[in-house]
Amino acid sequence: MGLAGIRARVAAAERAAGRDAGSVVLIAVSKVQPLDRVVAALDDGQRVFGENYVQEAAGKWPDLRARFAGVSVHMIGPLQTNKAKLALDLFDAIHTVDRASLAEKLAKLAQARGACPDLFVQVNTGAEPQKAGVLPGEADGFIAACRAMDLPLRGLMCIPPEGGDSTPHFAALAGIAARNGLAGLSMGMSGDFEAAIAAGATHVRVGSAIFGARDYG
Ligand SMILES: *Cc1c(COP(=O)(O)O)cnc(C)c1O
């Protein structure tokens, strides 16, 4: 599909939902993609990217940031506590705050450096045992605990179960965000980003529809 096509579809979905043009941040998920495709997107003006793996991001983004101004890299994969320090060096936002031990580690590191990336709490809206994220019923308490640590919470993130209708999950996430006074909603991927925008997404995470299928070789 490519970047231009996805931008057009994001804009159309914003219009259809009666939302302002440009109100949805398109995160181009560049994990596991060949570097030339990432550079092509940068050449096309894309500046917000998503990565899943700390090591992979560390090998790629310091160089690319030196070559392209205004880049913002969002961590969207599970974050091990022992990689939190490196993550604070690498990322402008972390979408996967999902447990107290990680929140405590981030709070400690952020305090020491006097800065912290924008944070999103990941909610396991489908209560899938194999998936990360706090359970919907635990979300209010966890959000309050993060705020008590002075963490800069911007919003919530979810990955709905595969193969089903994502819309109820998007609505559930929007409900948790609204009652907790959180503006950010990171939801929607290649297969369902238009539905996510209709449900209020502020950030959509689109990989394969921009860059092509990932080759994990
Ligand atoms: C890989 C990934 C994406 C992008 O998935 P596509 O289906 O390729 O758009 C989005 N969000 C998360 C959390 C991911 O891990």
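First listed ligand is number 1; within each ligand, the first listed atom is number 1. None of these values were measured; they are calculated from a predicted model. Heads up: numbering here begins at 1 and tracks the sequence.
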Going by atom types only, do R154 and S186 share a side-chain donor-acceptor pair under 3.5 Å?
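Distance-only check fails for R154 and S186.
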Return the minimal non-hydrogen interatomic distance between I94 and P117, and the atom names on each side.
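Taking I94 first and P117 second, the nearest heavy atoms are CD1-CG, 4.2 Å.
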Pair up each side-chain donor or acceptor in residues 67-78 with any protein partner under 3.5 Å, not counting sequence neighbours, and list the distances.
{"residue": "S72", "atom": "OG", "partner": "H74", "partner atom": "NE2", "Å": "3.3"}
{"residue": "H74", "atom": "ND1", "partner": "H95", "partner atom": "NE2", "Å": "2.8"}

Which residues pass the salt bridge (Lys or Arg N to Asp or Glu O under 4.0 Å) test with D44, sequence neighbours left out?
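Scan of D44 (salt bridge (Lys or Arg N to Asp or Glu O under 4.0 Å), adjacent residues dropped) gives none.
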Pairing residues for F49 by the ring-ring contact (aromatic ring centres under 6.0 Å, His included) criterion, not counting sequence neighbours:
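For F49, the residues satisfying ring-ring contact (aromatic ring centres under 6.0 Å, His included) (neighbours in sequence not counted) are W61.
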For D89, is there an ion pair with R113 - N to carboxylate O distance below 4.0 angstrom?
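Between D89 and R113 there is a salt bridge, with a charged N closer than 4.0 Å to a carboxylate O.
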Which protein residues have a heavy atom under 4.0 Å from ligand 1?
V29, K31, N52, I76, M157, I159, M189, S190, R205, V206, G207, S208, R214
